[in-house]
Structure formats: structure tokens, C-alpha cells
Amino acid sequence: MSLSLIGKSIVESGTLKLNERAAILRAKGEPLIHLGGGEPQSRSPLEAVTRFTGKLNSGEIRYTPVDGTVEMKQAIIRYTEEYYNRRVDPENVIASNGAKQSIMVAFQAILDPQDEVVFPAPYWVSYPEMAKLCGAVPVPVYPEDGSFRPTMKDITQHVSSYTKAIILNSPNNPTGVVYSEDFIRDIVRFCEEEDLYLILDDLYHRLVFDGIKVPNVFDYVSELNENSKIILANGVSKQYAMTGFRIGWAVANKKLIQVMSNIQGHQTAGPSILLQEAAIGAMNGVQTGVESLRLTLQNNRNVMLDQLAAFDGVKATKPEGTFYVFVDFNAYDKNSSRLSEFLLDKVKVLTMPGKEFGLDGYLRLSTCGSIKGILEGIERIKWALDPNSPNELYIGERKLVRDWL
Ligand SMILES: Cc1ncc(COP(=O)(O)O)c(C=O)c1O
């Protein structure tokens, strides 16, 4: 079969693939514990559901403008003013089918083949493939000190004459790290000096813990005008537990938004009117759900960290946000895909291999589920890996007998 070079170069999303496997195992009645999930389990906000059903009941479900309805754009503008203290015009925003599409059309609008996109590692699984979809070259930056916080030196060492953009995700998926004000200030300055695009993937910016504040990129921009090369991406998926609604957006200069809209117009056209209505409902409605989700996630993180602290050989960096803990399992297996497969097979615990995020030897454990799930999940992992644990483990009625180690 003849396939395109780009088509052949793109690897399947490992995280989505594992989620599909989990769904199949669950459907078969397996006692699965899902520590792989990237979606909160809370219900969608009531206002989202009400607006969605109201529109559905109207029976008039039509195309929308490519870059979003007037009301959707107003909701994004209001959001940007409230959370970023930045007043923008409707021509500065685009609504897409998830932040994923906003980032993708931004890449397509700015990247030429051979251009380089720089981002800290470990990274969100899609950045390298998205760059490759444009014929561009992903350049992951591994902090020299072995931490999850790159220094400016780490970043600048990877910037070349081919670099077109830097993309940052803070709080970060998979590490939960929030980049410091100093780092954001320096990187904004650097991008301005070098005339580089700076993309901020802010999907988790309200899901932060311990009073930590995510620096607002617009506080550090020297001149806020239509030449700005800052692209801010966000969405409803994580903060409002609305992953299935597929609405995200980007804020950028008007010319760039126009080009992104042109591209989106030929890809998918405007996002579904029903889903935009739901997103508007969530964004303009009461926000208590976001705070209660944040508190739940903070508590779940604490429980997860406590369990891991009592787990010999594993090391976890305390996440400052998101719903992931990125755990070093090198002492048990340096091959994270094999380890993840082993845990799914033997004790029915789904974890995400660090390799998918560019760092082998680690597993990404999600705190999205219940406390019970976290406790039992870690207990099962411990049982599977610790050679001193008893020979048998009961999962409900089912007896597991160790036939390894
Ligand atoms: C860092 C990051 N950016 C973007 C996305 C995509 O979000 P959306 O559901 O809005 O497409 C995700 C989803 O997992 C993510 O973790």
C-alpha cells in the first residue's frame, strides 16, 4: 500500500490506545483500576447540559461560523479578561474542536517543513506528532539537572536558526510542574528578542494546588499589540470535566487567527453548535464546580503521594497542579511500556508508560478517580512488584496467585 511519508511517520496515540483497551476490559467485567485517565470523573456543569439540551430541543442544529459563534467568542473574551486580565477582540479568538485542534491549526499556520518546535520534556504526547504532521521537527528539551524544570540555558541551547516556536504546558502533563514567574518572564523576553512564537497550553491553569498561582504570560509581554507572537490555548475539557464536548480555543493576533480559521474551515468547519452552547454554559455559569474539582484533585494527589512514599524504590515529584503524578519506576523496570503492560495484565491496573511522554522508566498515574481506586491501585502495583509481598491477592472474589518474580 502506498502511504504518504507524513502518514507513515505518525505513531498512534499511546494514551488513547490504552484507554480503549481499558474500556474493552471493563466491558468484559474485568476488575480494572484506571490510573491512566486524563479526564475528571465529575459531572458536566448543569448550565452546560441545560444550554446543550435547550439548543437540541430547538431542532435547529446548523453550521456555525468557522471560528465560533458570536456568543462563544464573547465567552472566550470574558474568560480571557477574567483569568488573564487581557482585553481582546472577537478577531483575536478562535473556537475549535478541543484545544488539540486549536494547537494543531496554530502549528499548521506557523510551521513550514524543517522548522523546529522546542518544548520541555517530558511532554504531552501529541506535541511531537503534531509538529511532524506539519513536516516540522519536534525538539524536546530534557533539563540538564534531571529535574522537570528546564532552565533558560536548557531551552536556549536547543534553539537554532530553524526554531519557529516554543510550546509550554504549565501545569504540565505529565509532571504536574508549574513553571516559575522568572522562567515565564525570561522566556517571553527571549521569544520577543528572537522573534519566535510562544505557545502556552494552559489547559490545566485552574487546577493548581497549595495556593500556587500560574504566572500570567501577558504580565510579561513588553508590548501588547497585533504583532505579538503569543498564542494562548485553553479549553473546557479538564477544568469543567467536559472532555467529551470537544471545545477548546486559542487567543492570538488577528492575522494569525484568520489564517488558523482558514485552515480549520477546510478541516472540520466550525465546532458543533450544540457543543459550543454547552461550553458557553460552563464558562458563563457558576464556577463552584471548578473549585470543588480542584480541591478533590488536591486531596487525591495527597493520598497518592502518601501511598507512594510507603512504596520502596519508587520516586515521585510532588505535582503542583493537573491530575497526574509522574513516578520513577526505574528501580523495577526501565522499560515503561513493558511495566505498564505487565501491571495491566497481572493486576488489572491501567497506567500510562512514561515513554509516551518522552521519558522511559516512569509511569504516569492519574488522580482523577476515587480515593478507593487510588488506594487499591497502588496496593495492587506494590503487590505485583514487591518480591516480599504475599503469594496471593484477592480482588473481590477473585484470587490472584503470583506466578512471576
Ligand atoms: C497538555 C494538554 N493539552 C491539550 C490537551 C487537549 O485538550 P482538548 O480535550 O481540549 O482537546 C490535553 C488533553 O489531554 C492535554 O493534556
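Nothing here was measured: the structure is a model prediction, and the numbers come from that model. We use all heavy atoms of the structure for the numbers below, so side chains are in, but hydrogens, waters and symmetry mates are not. Just so you know, ligand 1 is whichever comes first in the structure, and atom 1 is the first atom listed for that ligand.
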Is the closest heavy atom of [X] to ligand 1 under 4.0 Å?
{"X": "Thr243", "result": "no"}
{"X": "Glu39", "result": "no"}
{"X": "Gly248", "result": "no"}
{"X": "Ala99", "result": "yes"}

According to the interplanar angle, ranging from 0 to 90°, do the rings of Tyr362 and Phe326 count as parallel (below 30°), tilted (30 to 60°) or perpendicular (above 60°)?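 If you compare the ring of Tyr362 with that of Phe326, the planes turn out parallel.
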Parallel, tilted or perpendicular for Tyr79 and Tyr84, by the 30°/60° rule?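 The arrangement is tilted - the two ring planes meet at 30° to 60°.
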For the residue pair [X] and [Y], is the inter-centroid distance of their aromatic rings smaller than 6.0 Å?
{"X": "His158", "Y": "Phe190", "answer": "no"}
{"X": "Trp124", "Y": "Phe119", "answer": "no"}
{"X": "Tyr123", "Y": "Tyr127", "answer": "no"}

Which residue supplies the protein heavy atom nearest to [atom], what is that atom called, and how far is it?
{"atom": "atom 3 (N) of ligand 1", "value": "Asp201 OD2, 2.6 Å"}
{"atom": "atom 13 (C) of ligand 1", "value": "Lys238 NZ, 3.0 Å"}
{"atom": "atom 7 (O) of ligand 1", "value": "Leu203 CD2, 3.1 Å"}
{"atom": "atom 11 (O) of ligand 1", "value": "Arg246 NH2, 2.8 Å"}

Interatomic distance, Ile257 atom CD1 to Glu226 atom CD [nearest 0.5 angstrom]: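 Atom-to-atom, Ile257:CD1 and Glu226:CD are 9.5 Å apart.
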Just distances here: any N/O of [X] and N/O of ligand 1 closer than 3.5 Å?
{"X": "Asn169", "result": "no"}
{"X": "Tyr127", "result": "no"}
{"X": "Tyr324", "result": "no"}

Between Tyr220 and Glu181, is any side-chain donor less than 3.5 angstrom from a side-chain acceptor?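 The criterion, which ignores hydrogens and geometry beyond distance, is satisfied for Glu181 and Tyr220.
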Give the contacting part of Gln101 toward ligand 1: side chain, backbone, both or neither, where contact means a heavy-atom distance below 4.0 Å.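 No part of Gln101 comes within reach of ligand 1.
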Under-4.0 Å heavy-atom contact with ligand 1, by part of Ser237 that carries it: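 Looking at Ser237 and ligand 1, just side chain atoms fall under 4.0 Å.
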Determine the sole option in Thr322, Thr367, Asp210 for which the side-chain hydrogen bond (donor to acceptor under 3.5 Å, both in side chains) test with Arg301 is passed.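 Checked Thr322, Thr367, Asp210 against Arg301; only one passes side-chain hydrogen bond (donor to acceptor under 3.5 Å, both in side chains): Asp210.
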Is it true that a side-chain atom of Ser228 and a backbone atom of Asn225 form a donor plus acceptor pair closer than 3.5 Å?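 Not a single qualifying donor-acceptor pair exists.
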